[in-house]
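Order of listing sets the numbers, starting from 1, for every ligand and every atom in it. In what follows, residues are counted from 1 in the order of the sequence shown. Everything numeric in this text was worked out from a predicted model, so none of it was measured.
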Amino acid sequence: MNNQTISLGDFELTAISDGYYVADGGAFFGVVPKVMWQRKVKSDENNRIKVSCNSVLVRTGAKNVLIETGIGSKLPEKFKNIYQNEEKLLENLGAAGVGPEEIDVVINSHLHFDHCGWNTVYRNGVAVATFPRAKYYAPEGEWKHGSLQLERDRVSYISDNYDPLIRSGQMQLLAGDTEILPGISVAVYPGHTRNMMAVFIRSGGKTACYISDLIPTTWHLDVTWVMAYDLFPLETIESRKRYYAQAVPEQWLTIFTHDPEIPWIYPALEGGKIVAKPV
Ligand SMILES: [Zn+2]
């Protein structure tokens, strides 16, 4: 997906992709039958669908804020072959006119490997900050959960994506809803994981929300279309209802983390269903 830019009050938002990757269609749609989801997206001969890792660059005028950092460049060869990821975040950030040293703040909604991969790069085999001047933020509960290395999801939590930054003091862990900068805040929406945070961007009376894996693509707007990855699917449904209860009447620009073509929409209610109103 090419960079797309939109203004929000005094801020400028640019959707920047780390490139496409492939994922199992069943894992993306959970209990939704393929006969239903294949009307929205076609899968290949191995039942895989093409999705994207979308970050957002927020230029506030005072600061450059990067929300989410994609899969990154540190995956072992075996996993690169599985995901066929493209490692394009820095290239696309450059196309937006911003170098890694110009990022002031990095926010991770959660610490799954496809959301914080570019936090660090390997230099001489050691993971170092990709964004040398940035202050990084992530949910504390995510770090605690990832550190347990539980059977269910330990493959998703890769220490080199965050532990070196925590040790050096460059990453701050957040205990709950927090304002990070004027106009930039995070709020917990449980379901995908217990502690995943949505990132809110507010300026000039307008609101945008990077809702992350709570609603990963336009295909997942229906409250019951929940990914198989989600640890707490019933809470995903409740969190989506809570989100729409405000996002629909207040016209929140809703930003998708994995949609391959559509970075953002306005959610609307039509005939009892949530639908996408194009931007
Ligand atoms: Zn995730």
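- Note on H112: its N/O/S atom closest to the Zn ion (ligand 1) is ND1.
- A donor atom on one side chain and an acceptor atom on the other are found under 3.5 Å apart for E68 and S109.
- A donor atom on one side chain and an acceptor atom on the other are not found under 3.5 Å apart for S17 and N92.
- Geometry note: the Zn ion (ligand 1) is the vertex, H192 NE2 and H110 NE2 are the arms, and the angle is 100° (rounded to 10 degrees).
- Per residue D213, closest N, O or S atom to the Zn ion (ligand 1): atom name OD2.
- Taking the six-membered ring wherever Trp is involved, the centroid distance between the rings of Y157 and H145 falls below 6.0 Å.
- Between the side chains of K50 and Q84, no donor N or O sits under 3.5 Å from an acceptor N or O.
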